[in-house]
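Encoded as C-alpha cells, the structure appears first; notes follow it.
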Amino acid sequence: MTPDSIFMNDPWWIVLIKVVGVVILLLTWTIFNVWYERRLVAKMQHRLGPIMNPVALGGLGQALGDGMKLLFKEDFAPGMVDKVLFSIAPLIAGVAAFTAWSVIPLGGEVNMFGVTTRLQVADMPVSALLILAVASVAIYGFVLAGWASQSPYSLLGALRSSAQMISYEISMGLSYVAVFLYAGSMSTSQIVEAQAQPLFGGNPLQLQQWYWLLLFPSFVIYAISMVGETNRAPFDLPECESELVSGHLTEYTGFRYAIFFLAEYINMATVSAVATTLFLGGYKAIWPLGFIIPDTGYWGFLWFAIKVQLLISVFVWLRGTLPRFRYDQFMNLGWKWLIPISLAWVMVIALLRGLTNHGLLQGPLLWIIIGVVFALLLAVMFLGGSNAKVDGMHDLEEDRDFDAFAGGFPVPPLPGQVLPELADVVAGSADTDQAAPAASDDRKDTE
C-alpha cells in the first residue's frame with residue numbers, strides 16, 4: 001500500500017484527530033522550548049535559570065505564567081496604527097506556522113482506532129514545496145506588522161525581516177533541490193523512506209544513507225539558512241534592541257504579541273523538523289540504537305522528537321555564544337556565498353545523478369568524485385580571494401573625504417576611511433616619526 005493510498009483512505013475523524021493532535025503538540029512543545037532555552041542559556045552563562053525560581057513544575061510554571069500573562073494582558077494598540085492590518089498580521093504569521101506541520105511526517109504507519117494510517121496529517125507529491133510556499137506567506141505577516149504600526153522602528157524592522165527571509169529562502173530552496181534529485185521525489189514521507197536504504201547496499205543492518213552525509217554541503221547551507229529564516233541570533237537583525245527596539249513587534253502587546261512570539265518558536269521547531277525530515281532520516285532510528293528501541297509504529301515519533309530537540313539545542317547554543325552580525329555581513333553571506341555555492345552544488349549533483357542513472361558512474365568512483373568536489377568547495381570557501389578585494393577597497397576609500405555627519409546622522413567610517421580629527425592626529429604622528437631620525441643625525445654630527 002502506497003503512502004498516498006493510506007492518506008486518501010483516512011476518514012474525516014482521523015484527519016481531525018491528527019490536526020488537533022498537531023496543534024496541541026506545538027503548543028505544549030513551545031512551552032517546553034521556552035523553558036528549555038532559558039535553562040540551557042543559564043547553564044552556559046553559569047546562572048540559576050528558571051528551574052531554581054519558586055514556581056511549580058521545576059520551572060515550567062514560569063513559562064506557563066508568561067503565556068497566561070500575555071493572554072490576559074491589556075491588548076493595547078496605538079492610535080496611529082491601521083487597526084485592520086495590525087490585527088491581521090499576527091494571524092497570518094500564526095496560521096503559516098501551524099500549516100507547515102501538515103505535511104511533516106512525525107512517524108511511520110500506525111494503527112489509530114482500528115484504522116491503518118501514518119503519523120502525518122497529509123502528504124502530496126510536492127509536500128516539500130508546500131513548506132517553502134507557507135514560509136513565503138509568513139513574510140506577509142511581518143511586513144504588514146511593520147507597515148500597519150506606522151512606526152519607524154517597526155517599518156525598518158519589517159523591511160529587514162522581509163529582505164532577510166526572502167534572501168535566505170533562496171539558498172534554503174536550493175538546498176532542497178539536491179535532496180529532490182537524490183531521493184527522486186518531493187514527497188516528505190517518500191524522502192524519509194529513501195533515506196532508510198543501506199548506505200552501501202546489501203545488508204539492511206548497515207548504516208542508512210541519511211542525506212546530511214551524502215549531501216553535506218546542502219545540509220550546511222540549509223543549517224545556516226534556517227537560522228537566518230527564523231530571525232534567530234546571531235541573525236536576529238530585524239529585532240535587534242540596540243537599533244530597532246523590537247523591530248516589527250515594537251507596537252504589539254497582549255494576545256497579538258503572544259501570537260508572534262508563538263510563531264517564532266514554532267518556526268524554530270518547523271525548520272528543525274524539516275532538517276530532520278530531509279537530511280537526518282526523519283523518524284528513523286539512530287544507528288545502531290535502532291536495535292534497542294525500534295522506529296516502527298508510535299516509537300518513530302520518539303526518534304523524530306529527539307532529533308528535532310537536538311537541532312533546537314543548536315539554536316540555543318548559537319544564541320548563547322555568538323555575537324550579532326552586521327547587516328551587510330549577513331546579506332553578503334547569503335547572496336555572495338550561500339546562493340552561488342548552492343547553485344554550483346546543485347549542478348554537480350544533477351550531473352552525478354544523470355551519469356549514475358545511465359550506468360556511467362558506479363562504484364567507488366562516485367565517492368571519489370564527491371570527495372573531490374567537496375574539497376574544492378571547502379577550498380573556495382576558506383581560501384577565496386576576499387583579502388585582495390578588501391585591500392582594493394581600502395585603496396579606493398582612502399582617497400575619499402569622509403564626513404560622519406554628512407546626512408544629518410552620525411555614521412561609522414567604512415574600511416579605509418578615517419575621521420577628520422583622527423586624520424590630523426595620524427598626520428602629526430607621521431611628521432614626528434620623520435623628524436626623529438633627522439634629529440638623531442644632527443646629534444651624531446655634533447658629537
What's the shortest heavy-atom distance between [X] and [Y], and which atoms?
| X | Y | value |
| --- | --- | --- |
| Ala97 | Thr270 | O-OG1, 4.0 Å |
| Leu318 | Ala233 | CB-O, 3.8 Å |
| Ala275 | Met226 | CB-SD, 4.4 Å |
| Leu302 | Ile293 | CD2-CG2, 4.2 Å |
| Pro234 | Val227 | CD-CG1, 4.3 Å |
| Ala163 | Tyr327 | CB-OH, 3.5 Å |

Distance-only, no hydrogens or angles: does the [X] side chain make a donor-acceptor pair with backbone N or O of [Y] under 3.5 Å?
| X | Y | result |
| --- | --- | --- |
| Lys284 | Trp303 | no |
| Ser161 | Gly157 | no |
| Ser87 | Val84 | no |

**Message:** Within 45 degrees of the ring normal and closer than 6.0 Å to the centroid, is that where the cationic atom of Lys307 sits relative to Trp212?
**Reply:**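 Because its charged atom misses either the 6.0 Å distance or the 45° angle limit, Lys307 does not stack over Trp212.
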
Side-chain heavy-atom pair [X], [Y] within 4.5 angstrom cut-off:
| X | Y | result |
| --- | --- | --- |
| Arg353 | Tyr182 | yes |
| Val110 | Thr117 | yes |
| Phe304 | Ile104 | yes |
| Thr188 | Val192 | no |
| Glu229 | Tyr222 | no |
| Lys73 | Tyr257 | no |
| Leu16 | Trp12 | yes |
| Phe315 | Leu40 | no |

**Message:** I need the full list of salt bridge (Lys or Arg N to Asp or Glu O under 4.0 Å) pairs touching residues 260-270, with sequence neighbours left out, sorted by first then second residue.
**Reply:**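 Every salt bridge (Lys or Arg N to Asp or Glu O under 4.0 Å) pair that includes a residue of residues 260-270, provided the two are not neighbours, is Arg232-Glu264.
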
**Message:** With salt bridge (Lys or Arg N to Asp or Glu O under 4.0 Å) as the rule and sequence neighbours excluded, what pairs involving residues 91-101 come up?
**Reply:**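 For residues 91-101: none.
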
**Request:** Decide if the gap between the ring center of Trp29 and the ring center of Phe32 is smaller than 6.0 angstrom.
**Result:**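 Judged by ring-centre distance (under 6.0 Å), Trp29 and Phe32 do not meet the cut-off.
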
**Worked check of side-chain contact (heavy atoms from CB on, under 4.5 Å) between Leu106 and Leu25** = CA-CA 11 Å; Leu106 307 180; Leu25 170 67; 4.1 Å; yes

**Message:** Run Arg118 and Tyr283 through side-chain contact (heavy atoms from CB on, under 4.5 Å) and show every step you take.
**Reply:** CA-CA 12 Å; Arg118 283 176 171 263; Tyr283 52 84; 3.3 Å; yes

**Request:** Verify the neighbour count for atom CH2 of Trp101: are there more than 12 heavy atoms of other residues, nucleotides or ligands below 6.0 Å?
**Result:**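 For Trp101, atom CH2 is crowded (more than 12 foreign heavy atoms under 6.0 Å).
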
**Message:** Is it the case that atom OH in Tyr140 sees more than 12 heavy atoms from other parts of the structure closer than 6.0 Å?
**Reply:**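 It does not: Tyr140 OH has 12 such atoms or fewer within range.
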
**Message:** If only side-chain N and O atoms count, and only distance matters, is there a donor-acceptor pair under 3.5 Å linking Ser185 with Gln190?
**Reply:**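 Distance-only check passes for Gln190 and Ser185.
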
**Check: Ser171/Ser342 side-chain N/O donor and acceptor closer than 3.5 Å** =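 Result is no, nothing qualifies.
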
Approximate separation, where rounding is to 0.5 Å, of [X] [atom1] and [Y] [atom2]:
| X | Y | atom1 | atom2 | value |
| --- | --- | --- | --- | --- |
| Tyr265 | Tyr36 | OH | OH | 12.5 Å |
| Leu280 | Ile286 | CG | CD1 | 8.5 Å |
| Thr116 | Asn111 | OG1 | CG | 5.0 Å |
| Leu159 | Phe142 | CG | CZ | 14.0 Å |
| Leu289 | Ile306 | CG | CD1 | 8.5 Å |
| Glu193 | Gln195 | CD | CD | 10.0 Å |

**Request:** Output every pair passing ring-ring contact (aromatic ring centres under 6.0 Å, His included) with a member in residues 71-95, not counting sequence neighbours, ordered by first then second residue.
**Result:**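 Only Phe86-Tyr252 qualify under ring-ring contact (aromatic ring centres under 6.0 Å, His included).
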
**Request:** Output all residues satisfying side chain to side chain donor-acceptor pair (under 3.5 Å) with Ser175, sequence neighbours left out; order by chain, then residue number.
**Result:**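 Ser175: no side chain to side chain donor-acceptor pair (under 3.5 Å) contacts found.
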
**Prompt:** What pairs with Asn33 under side chain to side chain donor-acceptor pair (under 3.5 Å), at least two apart in sequence or on another chain?
**Reply:**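 Expected list: Gln309.
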
Considering residues at least two apart in sequence or located in another chain, which fulfil the side-chain contact (heavy atoms from CB on, under 4.5 Å) criterion with [X]?
| X | answer |
| --- | --- |
| Trp335 | Ser167, Ile170, Met331, Ile339 |
| Ala138 | Ala96 |
| Gln150 | Met80 |
| Ile259 | Pro90, Leu91, Phe255 |

**Message:** As a quick check of understanding, evaluate side-chain contact (heavy atoms from CB on, under 4.5 Å) for Leu119 and Met112, giving each step before the final call.
**Reply:** CA-CA 9 Å; Leu119 285 181; Met112 188 177 296; 4.2 Å; yes

**Prompt:** Among Tyr176, Tyr211, Phe279, which residue meets the side-chain contact (heavy atoms from CB on, under 4.5 Å) test with Ser218?
**Reply:**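 Only match with Ser218 under side-chain contact (heavy atoms from CB on, under 4.5 Å): Phe279.
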
**Prompt:** Among Leu352, Leu351, Val346, which one satisfies side-chain contact (heavy atoms from CB on, under 4.5 Å) with Val348?
**Reply:**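 When Leu352, Leu351, Val346 are each tested with Val348, the side-chain contact (heavy atoms from CB on, under 4.5 Å) holds only for Leu352.
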
**Item:** salt bridge (Lys or Arg N to Asp or Glu O under 4.0 Å) against Asp295, all qualifying residues, sequence neighbours excluded
**Value:**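 None.
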
**Request:** Check salt bridge (Lys or Arg N to Asp or Glu O under 4.0 Å) between Arg47 and all other residues, then give those that pass, not counting sequence neighbours.
**Result:**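 Checked Arg47 against salt bridge (Lys or Arg N to Asp or Glu O under 4.0 Å); zero matches.
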
List, one per line, each side-chain donor-acceptor pair under 3.5 Å for residues 125-136, sequence neighbours excluded.
unit_1	atom_1	unit_2	atom_2	d
Ser127	OG	Asp123	OD1	2.4
Ser127	OG	Met124	N	2.9
Ser127	OG	Met124	O	2.9
Ser136	OG	Leu132	O	3.0
Ser136	OG	Glu169	OE1	3.1

**Request:** List the steps, then state whether side-chain contact (heavy atoms from CB on, under 4.5 Å) holds for Ile221 with Trp345.
**Result:** CA-CA 11 Å; Ile221 291 170; Trp345 177 246; 5.6 Å; no

**Item:** Residues Phe325, Phe235; criterion ring pair (Phe, Tyr, Trp, His ring centres under 6.0 Å); working and verdict
**Value:** CA-CA 6 Å; Phe325 274 31; Phe235 301 150; 5.1 Å; yes

